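Chain A is the first sequence line, chain B the second, and so forth, proteins listed ahead of strands; every chain is numbered from 1. None of these values were measured; they are calculated from a predicted model.
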Number of protein chains: 2
Amino acid sequence: MNIQIDYQSRIPIYEQIVLEVEKLVALGILVSNEQIPAIRELAYNLGINPNTVKKAYDTLEKHGVIISKSTKGTYITDNIDIVKNRLINNIIDDIKSKIVELENLGLKKEEIKKKIDV
Amino acid sequence: MNIQIDYQSRIPIYEQIVLEVEKLVALGILVSNEQIPAIRELAYNLGINPNTVKKAYDTLEKHGVIISKSTKGTYITDNIDIVKNRLINNIIDDIKSKIVELENLGLKKEEIKKKIDV
DNA sequence: GTAATTGTACTATAACAGATAGTACAAAGG
DNA sequence: CCTTTGTACTATCTGTTATAGTACAATTAC
């Protein structure tokens with residue numbers, strides 16, 4: 001599993017793992033029912049502590065992205081579409097709120113459209 | 001100076017002050033050469049430590065938003081337009097990168113346009 | 001069988017950024 | 001003088017993040 005961590009980032013490592021896995025799922029790189037690396041394995045590969053990976057996996061399970069099957073490993077949920085849609089909607093909402101910010105600063109929709117070139 | 005701080009936010013207080021002041025400047029609520037509250041005064045009003053406000057003011061001065069005049073107080077720069085334009089460009093860049101994210105997730109420009117309703 | 005691997009669950013500690021507390025100084029202005 | 005201003009320290013506290021280490025039960029592989 002190819003995950004990129006920025007150790008200088010303000011975003012905690014465990015949360016970067018969450019975001020990266022969700023992105024890989026949304027991109028279709030990780031598919032339904034696929035097994036993802038064991039906690040200790042991913043920790044070793046990233047050069048970080050297993051507890052940190054565990055924390056990320058716990059969050060991902062709470063988000064409904066993965067399912068841990070006790071001694072059998074951890075797997076991607078079979079409901080990828082929900083994950084993808086949630087991700088897309090979050091981004092859309094971000095964009096919308098930023099457009100409102102721009103409007104508050106006096107920009108008209110036409111100017112915004114021109115600047116962001118949609 | 002009406003500043004809103006979210007003490008639960010992950011964004012540090014001093015940085016929230018920076019963002020809020022820059023927003024007030026961009027909105028035209030704070031105008032060129034206007035004096036802003038003394039460090040101790042704003043700290044008292046917000047119920048926080050003067051050192052925290054000092055850190056925010058230092059950052060704002062580095063950003064070219066305010067100028068401190070030793071014992072005479074602290075003032076808004078006379079070059080508000082630069083501050084405003086920088087703020088706008090930052091938001092635009094944010095939006096652009098999020099649009100790229102959406103495209104990577106398979107959305108076409110037309111779909112994006114429809115969803116964000118620009 | 002048994003050794004290795006899996007997720008899980010702890011406790012303890014370290015490291016870091018952010019925030020607070022307190023003190024002090026020089027300069028300006030009334 | 002006294003107050004207010006920005007500035008400059010040191011020390012400490014706090015909460016989050018991350019590490020270290022250990023242990024256990026269940027499954028898998030050989």
task = Decide yes or no, distance alone: a donor-acceptor N/O pair under 3.5 angstrom between the base of D:dT17 and the side-chain of B:Arg10.
result = no
Considering only [options], which nucleotide approaches the side chain of [X] most closely?
| X | options | value |
| --- | --- | --- |
| B:Arg40 | C:dG18, C:dC25, D:dA18 | C:dC25 |
| A:Ala38 | C:dT20, D:dA18, C:dT6 | C:dT6 |
| A:Thr52 | D:dT19, D:dT7, C:dG7 | D:dT19 |
| B:Asn51 | D:dT7, D:dT19, C:dA21 | C:dA21 |

Could you state the [atom1]-[atom2] distance from [X] to [N], rounded to the nearest angstrom?
| X | N | atom1 | atom2 | value |
| --- | --- | --- | --- | --- |
| A:Ile5 | D:dT17 | CD1 | C1' | 14 Å |
| A:Asn49 | C:dA15 | CG | P | 14 Å |
| A:Gln35 | D:dT28 | CD | P | 11 Å |
| A:Leu46 | D:dA18 | CG | C1' | 14 Å |
| A:Gln8 | D:dT17 | CD | P | 17 Å |
| B:Lys54 | D:dT4 | NZ | P | 19 Å |
| B:Leu42 | C:dT20 | CG | P | 12 Å |
| B:Glu41 | D:dT4 | CD | P | 11 Å |

message = To the closest 0.5 Å, what do you measure between CE (B:Met1) and CG (B:Leu46)?
response = 8.0 Å
Strictly below 4.0 Å, N to O, side chains only: are [X] and [Y] in salt-bridge contact?
| X | Y | value |
| --- | --- | --- |
| B:Lys54 | B:Asp58 | yes |
| B:Glu110 | B:Lys113 | yes |
| A:Arg86 | A:Glu22 | yes |
| A:Glu20 | A:Lys23 | yes |

query = Think A:Tyr14 has a side-chain N or O under 4.0 angstrom from the OP1 or OP2 of D:dT17?
reply = yes
ask   = Counting only side-chain N and O atoms of A:Lys55, is one of them less than 4.0 Å from OP1 or OP2 of D:dT17?
value = yes
request  = Pick out which of A:Lys98, A:Lys109, A:Lys108 makes a side chain to side chain donor-acceptor pair (under 3.5 Å) with A:Glu103.
outcome  = A:Lys109
message = Tell me which residues in residues 64-73 of chain B lie within less than 4.0 Å of DNA chain D, going by non-hydrogen atoms.
response = B:Ser68, B:Ser70, B:Thr71, B:Gly73
query = Pick the nucleotide of DNA chain D nearest each of B:Tyr57 and A:Glu15; which residue has the one closer to the 5' end?
reply = B:Tyr57
request  = State yes or no: do B:Val21 and B:Ile67 share one hydrophobic cluster built from I, L, V, M, F, W and Y residues joined by side-chain heavy-atom distances below 4.5 Å, directly or via other members?
outcome  = no
